[in-house]
Amino acid sequence: MIFVGEGALLWRAVQHTLDSGLAVDLVCGPAAARTARPDVPFLAATDVNTVAAELAAACTDGLVWSVNNRMIFRAPVLSTGLRILNVHHGPLPAYRGLPEVALVYAMLRGEREFSATLHQVDEGIDTGRTLAAEPYPIGPNDPYHVVLRRGLQTCHHLFERCLSLAAADPEWIGEPTPPMGADGGYFGRQALIRLPEHRSNPNFGRATDLGFLAGYLPELAAALA
């Protein structure tokens, strides 16, 4: 199997896969995501679609995991026959798009629950079939940095729970998972730019309290500055 993404969440997933006795054929991500692990082949790319042929050639089981991945899969990869599963931090379809932005809006709306969702990637953005979800609570006084850390832990736990299921059955259709959220919404760059408009919201302070995570979320921190 292949992994696409970056950061600690990606490499925790890779390590868990190796610890489970499963093969990791390749990790693909921005050059900065490369680690010093010589036992894990790494392919640097800023657009995963430009290396579609390399991914198809390297993958031995037809399975690609997208973990903490900001690159969007398009036709070059989607036409290879690879099955791509994305771990999305947010309930679908209610909170599509950039997870760190969607979480701010969820807290502004007073949501008391968020979730990690595993879905199969299709031509849209976070629109593919939902395979599994794992909710977690948002306390009424929790600041953003506490909730985000809880969410990342939930994302990893969801990956651990689903890894063996997806690896054992290429046709795995997932668990019965009803859509979360009535109408859905997309939280991308425009939603990020509009965040300062919500300063009068009584939840704004805790929903934008990045704490020690500010350095890891430069775009969000800049939008709130």
Side-chain angles (χ1 to χ4, degrees), residues 5-13 15-16 66-70 85-119 125-127 130-163 174-225:
E6 58 186 303
L9 198 61
L10 168 77
W11 289 104
R12 283 181 65 189
Q15 185 61 57
H16 179 75
S66 171
V67 181
N68 196 34
N69 170 42
R70 298 176 74 89
L85 305 184
N86 180 53
V87 179
H88 176 74
H89 183 199
L92 296 177
Y95 288 95
R96 299 165 49 230
L98 298 172
E100 65 273 19
V101 178
L103 179 58
V104 176
Y105 278 92
M107 295 180 67
L108 289 174
R109 293 174 175 180
E111 299 278 14
R112 289 292 174 261
E113 186 177 85
F114 213 56
S115 77
T117 307
L118 179 68
H119 71 96
I125 300 178
D126 301 329
T127 56
T130 297
L131 302 174
E134 189 161 328
Y136 67 89
I138 300 177
N141 299 310
D142 287 344
Y144 178 92
H145 61 89
V146 168
V147 179
L148 182 60
R149 288 189 68 189
R150 186 179 301 145
L152 295 178
Q153 292 169 349
T154 304
C155 285
H156 183 67
H157 186 264
L158 178 66
F159 169 79
E160 289 183 327
R161 184 160 63 81
C162 296
L163 172 64
E175 306 167 347
T177 307
M180 302 181 72
D183 300 321
Y186 180 76
F187 299 87
R189 302 289 179 188
Q190 290 305 311
L192 175 66
I193 294 170
R194 292 196 303 270
L195 275 174
E197 300 172 8
H198 298 274
R199 291 189 183 278
S200 61
N201 186 303
N203 292 319
F204 189 83
R206 71 183 188 91
T208 58
D209 182 358
L210 307 187
F212 72 96
L213 292 176
Y216 297 94
L217 301 168
E219 289 180 297
L220 183 54
L224 296 171

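Throughout, residue positions are numbered sequentially from 1 according to the sequence presented.
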### Query
Checking side chain to side chain contact (heavy atoms under 4.5 Å, CB included) for the pair Arg12/Phe159: CA distance, chi angles, key distance, verdict?
CA-CA 10 Å; Arg12 283 181 65 189; Phe159 169 79; over 6 Å; no
### Message
Applying side-chain contact (heavy atoms from CB on, under 4.5 Å), can you list everything that pairs with Asn68, at least two apart in sequence or on another chain?
### Response
Glu6, Leu9
### Message
Please enumerate all residues that pass side-chain contact (heavy atoms from CB on, under 4.5 Å) together with Asp209, with sequence neighbours excluded.
### Response
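So Asp209 forms a side-chain contact (heavy atoms from CB on, under 4.5 Å) with Pro143, His145.
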Between [X] and [Y] (side chain of the first, backbone of the second, donor and acceptor by atom type, cut-off under 3.5 Å), is there such a pair?
| X | Y | answer |
| --- | --- | --- |
| Tyr144 | Glu100 | yes |
| Thr130 | His119 | no |
| Arg96 | Ile125 | yes |

### Query
Stepwise, does the side chain to side chain contact (heavy atoms under 4.5 Å, CB included) test hold for Phe114 with Val147?
CA-CA 9 Å; Phe114 213 56; Val147 179; 5.6 Å; no
Non-hydrogen atoms of [X] and [Y] that approach each other most closely:
| X | Y | result |
| --- | --- | --- |
| Pro135 | Glu113 | CB-CD, 3.6 Å |
| Leu92 | His88 | CD2-CD2, 3.5 Å |
| Arg161 | Ala132 | NH2-CB, 4.4 Å |
| Ile138 | Arg206 | CG2-NH1, 4.2 Å |
| Asn86 | Ser66 | OD1-OG, 2.8 Å |

### Task
Not counting sequence neighbours, list each pair that qualifies as a salt bridge (Lys or Arg N to Asp or Glu O under 4.0 Å) and has a residue in residues 213-225.
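Every pair satisfying salt bridge (Lys or Arg N to Asp or Glu O under 4.0 Å) with a residue in residues 213-225: Arg70-Glu219, Arg189-Glu219.
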### Message
Looking at Arg149, I want to see if its CZ is surrounded by more than 12 non-hydrogen atoms of other residues, nucleotides or ligands under 6.0 Å.
### Response
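No - once you tally the heavy atoms of other residues, nucleotides and ligands closer than 6.0 Å, there are 12 at most.
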### Task
Applying ring-ring contact (aromatic ring centres under 6.0 Å, His included), name anything that partners Tyr136, two or more places apart in sequence or on another chain.
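Residues passing ring-ring contact (aromatic ring centres under 6.0 Å, His included) with Tyr136: His89.
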### Set of residues satisfying ring-ring contact (aromatic ring centres under 6.0 Å, His included) with respect to His157, sequence neighbours excluded
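Here no residue qualifies.
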#### Entry: Interatomic spacing from CG in Asp142 to CG in Leu148 - rounded to 0.5 Å
12.0 Å
Solution key, residues 194-202 side-chain donor-acceptor pairs under 3.5 Å, sequence neighbours excluded:
from: Arg199; atom 1: NH2; to: Leu224; atom 2: O; distance (Å): 2.9
from: Asn201; atom 1: OD1; to: Asn203; atom 2: N; distance (Å): 2.7
from: Asn201; atom 1: ND2; to: Leu108; atom 2: O; distance (Å): 3.1

### Query
Taking side chain as C-beta onward, heavy atoms only, is Arg112 less than 4.5 Å from Pro140?
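In contact.
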